[in-house]
Amino acid sequence: MERPGPSEVTGSDASGPDPQLAATMGFTGFGKKARTFDLEAMFEQTRRTAVERSRKTLAREKEEEMNREKELRRQNEDIEPTSSGSHVVRDCSKSSSRDTSSSESEESSGSSDDELIGPPLPLKMMKEPSNHIEEDILGPLPPPLYEEVEEDDDDDGDSEEEENPVQKIPDSHEITLKHGTKTVSALGLDPSGARLVTGGYDYDVKFWDFAGMDASFKAFRSLQPCECHQIKSLQYSNTGDMILVVSGSSQAKVIDRDGFEVMECIKGDQYIVDMANTKGHTAMLHTGSWHPKIKGEFMTCSNDATVRTWEVENPRKQRSVFKPRTMQGKKVIPTTCTYSRDGNLIAAACQNGSIQIWDRNLTVHPKFHYKQAHDPGTDTSCVAFSYDGNVLASRGGDDTLKLWDIRQFNKPLFSASGLPTLFPMTDCCFSPDDKLIVTGTSVQRGCGSGKLVFFERRTFQRVYEIDITDASVVRCLWHPKLNQIMVGTGNGLAKVYYDPNKSQRGAKLCVVKTQRKAKQAETLTQDYIITPHALPMFREPRQRSTRKQLEKDRLDPLKSHKPEPPVAGPGRGGRVGTHGGTLSSYIVKNIALDKTDDSNPREAILRHAKAAEDNPYWVSPAYSKTQPKTMFAQVESDDEEAKNEPEWKKRKI
């Protein structure tokens, strides 16, 4: 059987589908060729249709806009006089003369119908071609580019502020907190800026709550955590729940936000030669500092020539001991210490004028050692790291302030002199933007006023000063979140400087509150004695709130009775006058006023005997039936007594 050729197959296919096969498969469309679609042609057709429609829409809108402009022009010509019309044309011609060459070509090529009425277009729009403006911009013209100009102005202002950081100093307003009468030697502010704690030479530590204070500026708590030791340093932990208290004793303390003791460092054995073998300090402390990253770790420095790190969970022994040494290997006393911003370095300044920096985990040899940072024999009162961690500032007892680069710790970057200091805790600090350095100056009593001096970090120029008070400026603190400056002075004051526009919260919360008046019930309430085991008849009723007690006392007629004023004169209503309140003074006063002459008391009594006998009223009627008759004895004269005298008396005479 021969196979059919190609022509035969094509012919059979061209003739159409086989009806038997369609019936066998069950549907009539079997065997037909599927319709093909040209997608590119469809997309091209759609694009052409969209372009044509958009052209028609743009043409229609353009025509409507032109008709609207013609109507507006016609209305303006009808309303305005010819003189004003010529003035507008003149103004338009002047403005067009100031435009660029591209705008002139546009005006010359455009027809009279396309001329614009009003102010000239912005430069950015005038530089674009006219057909682009006509086709793309529909409706009224956009406003001039004021936003870009304002942004440029803002950029210029920012650059000016960057060039002049003095404008960022918040010193327009101030409040004064009265700590006491002696030097405020310690300041501490929690990280959130809600509470301030101050300590002084009067052994007191006072707590100030900005949100709870009113215009009276009174501390809500005062205590003496270290008994009779001067407070030298106060600092909040990085979490704000604990305060490190460093005093003149050898044991530092940690208290919580409410003043309750959390831990106390142990005291070491002063008879051991090697201070690394003792469990704590053996001499007076100078200062202390919290670790900026690790919770519960802090360090202290002491007169026993050691710097020790501690942990709050282990108060019985220090964590590590750093022993500053001179170049010859002798002991030297550290006067101040601090952590770097990342907590990896520990810096300490010593009495021989050196500054030594250790790695926190290596206690043997210092990583940096500059032996003549300040004059030997002077107490360097403060070392502080910048916020970027590359620069160290030191406040020396030789009346200088120096700046050091940690990366090149071979010489100071800058040095400023003429900054007198009389206190071993005069400190310095950096501004929140790291562009200024602040320190205080000391003065003798009655010899001027203490100042807060600001230096620019980049050039170390003395750019600004603030006269604080007629005493020394000991402590200064610039809080980065509040943007407020706290200052402790030598006359017992703590001042807070702020700016209502540049500062946040802090002192701004309490200055707006009026001083509350003391309520009468608060002054009259007595102490409530709690006796839980007493009999019910002897228990005192539990006191209610002050307001309810005041309302209850107001309803009591005895307690709410107005006190009677003193009686002037002889007295009335059974009350004695102002001459005296005792019975003796009353009797003396009445006797002095009685003018009757009672020289013979018997006659004065018998003067009323006849009236009492004729008209008995008081005593006689009660005894009228039982009283015997009164009989008086006869009194003999002297002659009769002589006659009746016995004979033996006469003979004797």
So that I can tick it off, tell me whether [Y] and [X] are bridged by a salt bridge, with the cut-off set at under 4.0 angstrom between side-chain N and carboxylate O.
X      : Y      : value
Lys435 : Glu456 : no
Lys293 : Asp342 : no
Arg257 : Asp241 : no
Glu313 : Lys295 : no

Side chains of [X] and [Y], heavy atoms from C-beta outward: is any pair under 4.5 Å?
X      : Y      : value
Ile406 : Ile357 : yes
Val511 : Phe210 : no
Glu465 : Thr441 : no
Asp202 : Lys206 : no
Trp208 : Val197 : no

Q) Between Phe368 and Trp404, is the gap from one ring center to the other below 6.0 Å? A) no
What I want to check is whether the side chains of [X] and [Y] have a donor and an acceptor closer together than 3.5 Å.
X      : Y      : value
Thr198 : His179 : yes
Thr183 : Ser185 : no
His286 : Thr336 : no
Thr309 : Ser320 : yes
Tyr498 : Gln504 : no
Thr363 : Trp358 : no
Arg395 : Thr439 : yes

How many angstroms lie between atom [atom1] of [X] and atom [atom2] of [Y], to the nearest 0.5 angstrom?
X      : Y      : atom1 : atom2 : answer
Lys495 : Thr176 : NZ    : OG1   : 4.5 Å
Lys253 : His229 : NZ    : NE2   : 8.5 Å
Ser289 : Met299 : OG    : CE    : 5.0 Å
Cys265 : Gln251 : SG    : CD    : 8.0 Å

Can you check whether [Y]'s main-chain N or O pairs, donor with acceptor, with [X]'s side chain at less than 3.5 Å?
X      : Y      : value
Lys402 : Ala393 : no
His291 : Gly343 : yes
Ser394 : Val383 : no
Ser233 : Thr287 : no
Arg341 : Ser386 : yes

Q | With Trp290, the ring-ring contact (aromatic ring centres under 6.0 Å, His included) member among Phe298, Trp310, Tyr236 | A | Phe298
Q: For Asp499, enumerate each residue passing the side chain to side chain contact (heavy atoms under 4.5 Å, CB included) test, keeping only those at least two apart in sequence or located in another chain.
A: Pro170, Ser172, Asn501, Lys502, Ser503
Q: Under the ring pair (Phe, Tyr, Trp, His ring centres under 6.0 Å) rule, collect the residues that match up with Phe414, sequence neighbours excluded.
A: Phe460
